[in-house]
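Because only heavy atoms are used, hydrogens play no part in the values below, and waters and symmetry mates are left out as well, while side chains stay in. Just so it is clear, the structure is predicted and the values come from calculations on it, not from any experiment.
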Amino acid sequence: MKTKTILVIDDTPDLQRSIIQFLNMEGYETVGAANGQEALDTLAHTIPDLVITDLLMPVMDGYSFIEHIKADAQLRDIPVVVFSAKPDDDSQDKALALGAVRFIRKPGSIDQILDTVNEIIQP
């Protein structure tokens with residue numbers, strides 16, 4: 001069985017590294033990106049089974065990233081989970097309206113992330 005790949009987009013290196021290490025220990029392959037543009041560059045050669053993205057990032061934010069992949073016929077079916085500290089419900093509503101399948105508020109727990117990932121894609 002093919003190992004599932006997850007793209008983790010977050011501009012906080014320690015947090016990104018922690019999520020990646022945890023998902024790797026759970027048997028997932030992972031790829032990291034620091035912002036939406038880096039993630040789009042990654043998608044040119046790696047198509048993940050799931051994306052976990054922050055919303056507030058430099059260069060390209062999570063909203064723009066979601067808009068880009070949902071507009072691309074080859075990428076639009078990749079499930080996107082938003083993991084953000086954005087405190088207001090408008091952020092959640094906007095992210096879900098753009099095509100995200102789940103919204104997890106930071107700080108959230110690593111178990112919450114894993115449960116969401118496992119619910120959407122089985123390793």
S.K.: Under the criterion side-chain contact (heavy atoms from CB on, under 4.5 Å), which of I113, V117, I104 is the partner of V81?
M.R.: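 When I113, V117, I104 are each tested with V81, the side-chain contact (heavy atoms from CB on, under 4.5 Å) holds only for I104.
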S.K.: Take E38 and M60, measure what side-chain contact (heavy atoms from CB on, under 4.5 Å) needs, and give me the verdict at the end.
M.R.: CA-CA 9 Å; E38 259 187 43; M60 179 187 288; over 6 Å; no
S.K.: Between V8 and I6, does a side-chain contact (heavy atoms from CB on, under 4.5 Å) hold up when you go through it step by step?
M.R.: CA-CA 6 Å; V8 180; I6 300 171; 4.1 Å; yes
S.K.: In terms of hydrophobic clustering (I, L, V, M, F, W, Y; side-chain heavy atoms under 4.5 Å; direct or indirect links), are I110 and L50 co-clustered?
M.R.: yes
S.K.: Run the numbers on F65 and L40 for side-chain contact (heavy atoms from CB on, under 4.5 Å), then give the verdict.
M.R.: CA-CA 7 Å; F65 171 78; L40 289 178; 3.9 Å; yes
S.K.: Given side-chain contact (heavy atoms from CB on, under 4.5 Å), test L114 with Y28 step by step and report yes or no.
M.R.: CA-CA 10 Å; L114 184 63; Y28 291 103; 4.1 Å; yes
S.K.: Applying salt bridge (charged side-chain N to carboxylate O under 4.0 Å, His left out), name anything that partners R17, two or more places apart in sequence or on another chain.
M.R.: D14
S.K.: If you round to the nearest 0.5 Å, how far is CD1 of I9 from CG of N35?
M.R.: 8.5 Å
S.K.: Hydrophobic cluster membership, with links at side-chain heavy-atom distances under 4.5 Å among I/L/V/M/F/W/Y: are V101 and L96 in one?
M.R.: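 Per the 4.5 Å side-chain linkage, V101 and L96 are not co-clustered.
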S.K.: If every non-hydrogen atom of Q16 is compared with every non-hydrogen atom of D10, which pair is closest and at what distance?
M.R.: NE2-O, 3.2 Å
S.K.: Shortest non-hydrogen contact from G32 to L7?
M.R.: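 That would be C-CD1, 4.3 Å.
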S.K.: Working to the nearest 0.5 angstrom, can you tell me the gap between I121 CD1 and I78 CD1?
M.R.: 11.0 Å
S.K.: Calculate, to the nearest 0.5 Å, the distance between atoms CG and CD1 belonging to L23 and I52 respectively.
M.R.: 5.0 Å
S.K.: Does the side chain of P79 reach to within under 4.5 Å of the side chain of V51, using non-hydrogen atoms?
M.R.: no
S.K.: Which residue pairs pass the salt bridge (charged side-chain N to carboxylate O under 4.0 Å, His left out) test with at least one member in residues 56-71, sequence neighbours excluded?
M.R.: none
S.K.: Would you give the length of the straight line joining atom CG of L15 to atom CG of D54, rounded to the nearest 0.5 angstrom?
M.R.: 8.0 Å
S.K.: Out of curiosity, N24 CG to I19 CD1, how far, rounded to the nearest 0.5 Å?
M.R.: 12.0 Å
S.K.: Grab the two heavy atoms, one from P48 and one from L43, that are nearest each other, plus how far apart they are.
M.R.: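 Taking P48 first and L43 second, the nearest heavy atoms are CD-CD2, 3.2 Å.
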S.K.: Find the distance between CD (E29) and OG1 (T5) and round it off to the nearest 0.5 Å.
M.R.: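 If we round to the nearest 0.5 Å, E29:CD and T5:OG1 are 4.5 Å apart.
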S.K.: For T53 versus G62, what's the shortest heavy-atom pair and its separation?
M.R.: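 Shortest heavy-atom contact: OG1-CA, 4.1 Å.
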S.K.: Is there a path of hydrophobic side-chain contacts, each under 4.5 Å between heavy atoms of I/L/V/M/F/W/Y residues, joining V80 to V31?
M.R.: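 V31 clusters together with V80.
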S.K.: Give the minimum heavy-atom separation between I66 and A95, together with the two atoms involved.
M.R.: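 Heavy atoms of I66 and A95 come nearest at CD1-O, 4.4 Å.
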S.K.: D77: what forms a side-chain contact (heavy atoms from CB on, under 4.5 Å) with it, not counting sequence neighbours?
M.R.: none
